[in-house]
Amino acid sequence: MKNGFCYQTPLGKIVIIENGEAITGLSFEKALPDQVNHRETPLLKEASQQVAQYLQGKRRSFDLPLCPQGTDFQQKVWKALQEIPYGEVCSYQDIARAIGNEKACRAVGGANNKNPIAIIIPCHRVIGANGSLVGYGGGLDIKQKLLTLENQMK
């Protein structure tokens, strides 16, 4: 059974979920899913502290065990997202090239959209090829805030 807890942040409420060994989810939800125990564990507390430090501009990377659930392709994309340097952005095509499948831009977009661990796996650092902000599970306003934060702290 998974454990999860809701935390208030400057971006609004977030939900962090873990499986007893690793973080499996971070989302901008209002409540925990029914199949998750509402219990703050040491791992969840540590994750929330690291997210708070990040949002205060005091942390550039996360040191947490992660276990996002997805297809092999999604796993490749999420791993590539974690390679995008703090304060930098790239396009879906850049990620497609990074995983060795240059023609997979749309599929990369789909995998980016399914990222279960927002902020920590930095899908907010992916923008459109023309430099525009495109889709974000937390909303484009939150994506802009995250990018602005990172740009100011570079």
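Here, residue 1 is the first one in the sequence, and each next residue gets the next number.
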(message) Does anything in residues 38-73 form a ring pair (Phe, Tyr, Trp, His ring centres under 6.0 Å)? List the pairs, not counting sequence neighbours.
(response) Phe5-His38, Tyr54-Phe62

(message) Test side chain to side chain contact (heavy atoms under 4.5 Å, CB included) on Asn112 and Ile95; report intermediate values, then the result.
(response) CA-CA 10 Å; Asn112 202 50; Ile95 297 295; over 6 Å; no

(request) Could you work out the complete set of other residues in the hydrophobic cluster of Val36, with links drawn between I, L, V, M, F, W and Y side chains under 4.5 Å apart? (result) Val15, Ile17, Leu32

(request) Provide the closest heavy-atom pair for Gly135 versus Leu140 in the form atom of the first, atom of the second, distance. (result) N-CD2, 3.7 Å

(message) Taking side-chain contact (heavy atoms from CB on, under 4.5 Å) as the definition, give me every residue that meets it alongside Pro85, ordered by chain and number, with sequence neighbours left out.
(response) Glu88

(request) With rounding to the nearest 0.5 Å, note down the distance linking OG in Ser27 to CD1 in Ile119. (result) 10.0 Å

(request) Taking the side chain as every heavy atom from C-beta outward, state whether Asn115 and Val77 have any pair of such atoms under 4.5 Å apart. (result) no

(request) Give, for atom NZ of Lys79 and atom CD of Gln82, the distance between the pair rounded to the nearest 0.5 Å. (result) 7.0 Å

(message) Under the rule for side-chain hydrogen bond (donor to acceptor under 3.5 Å, both in side chains), what residues qualify as partners of Asp72, not counting sequence neighbours?
(response) none

(request) Could you name each residue pair satisfying salt bridge (Lys or Arg N to Asp or Glu O under 4.0 Å) that touches residues 137-146, not counting sequence neighbours? (result) none

(request) For residues 100-127, pull every pair meeting ring pair (Phe, Tyr, Trp, His ring centres under 6.0 Å), keeping only residues two or more places apart or in separate chains. (result) none

(request) First locate atom CG of Leu146, then atom CG of Asn151, and finally report the distance between them rounded to the nearest 0.5 Å. (result) 12.0 Å

(request) Compare every heavy atom of Tyr136 with every heavy atom of Cys123, then report the nearest pair and how far apart it is. (result) SG-CE1, 3.7 Å

(request) Would you please name every residue forming a side-chain hydrogen bond (donor to acceptor under 3.5 Å, both in side chains) with Glu40, sequence neighbours left out? (result) Tyr7

(message) Donor-acceptor check, side chain of Gln152 to backbone of Leu149, threshold 3.5 angstrom: yes or no?
(response) no

(message) Working note: Asp94 + Ser91, criterion side-chain hydrogen bond (donor to acceptor under 3.5 Å, both in side chains); need CA distance, chi angles, decisive distance, verdict.
(response) CA-CA 5 Å; Asp94 294 332; Ser91 69; 3.2 Å; yes

(request) Kindly compute the distance separating CD1 (Ile16) from CD1 (Ile23), expressed to the nearest 0.5 Å. (result) 6.0 Å

(request) Using atom types as modelled and distance alone, determine if a side-chain donor or acceptor of Thr148 lies under 3.5 Å from a backbone N or O of Gln144. (result) yes

(request) Please round to the nearest 0.5 Å and tell me the distance separating atom CZ of Arg97 and atom CD of Glu102. (result) 5.0 Å

(request) Kindly indicate whether the side chain of Leu11, heavy atoms from C-beta on, has any atom under 4.5 Å from the side chain of Leu55. (result) yes

(request) For the pair Gln50 (side chain) and Asp63 (backbone), establish whether a donor and an acceptor sit closer than 3.5 Å, ignoring hydrogens and angles. (result) yes

(request) List the steps, then state whether side-chain hydrogen bond (donor to acceptor under 3.5 Å, both in side chains) holds for Thr24 with Glu18. (result) CA-CA 5 Å; Thr24 60; Glu18 56 98 346; over 6 Å; no

(request) Walk me through it: do Val51 and Ile120 pass the test side chain to side chain contact (heavy atoms under 4.5 Å, CB included)? (result) CA-CA 8 Å; Val51 169; Ile120 297 171; 4.3 Å; yes

(message) If I compare all heavy atoms of Leu81 with all of Pro122, which pair ends up nearest, and what's the gap?
(response) O-CG, 3.3 Å

(message) Checking Ser61 now: which residues fulfil side-chain hydrogen bond (donor to acceptor under 3.5 Å, both in side chains) with it, not counting sequence neighbours?
(response) none

(message) Checking Gln93 now: which residues fulfil side-chain hydrogen bond (donor to acceptor under 3.5 Å, both in side chains) with it, not counting sequence neighbours?
(response) none

(message) Once side-chain contact (heavy atoms from CB on, under 4.5 Å) is applied, do any residues pair with Pro68, and if so which ones, sequence neighbours excluded?
(response) Leu66, Gln75, Trp78, Pro116, Ile117, Ile121

(message) Can you pull out every salt bridge (Lys or Arg N to Asp or Glu O under 4.0 Å) where at least one residue sits in residues 46-56? Sequence neighbours excluded, please.
(response) none

(request) Write out all pairs satisfying salt bridge (Lys or Arg N to Asp or Glu O under 4.0 Å) with one or both partners inside residues 114-128, taking only residues at least two apart or from two chains. (result) Arg125-Glu150

(message) Is it true that, when you exclude Glu21 itself, more than 12 heavy atoms of the residues, nucleotides or ligands shown sit nearer than 6.0 Å to its CD?
(response) no

(message) Could you measure the distance from the CG atom of Asn19 to the SG atom of Cys67? Nearest 0.5 Å is fine.
(response) 5.0 Å

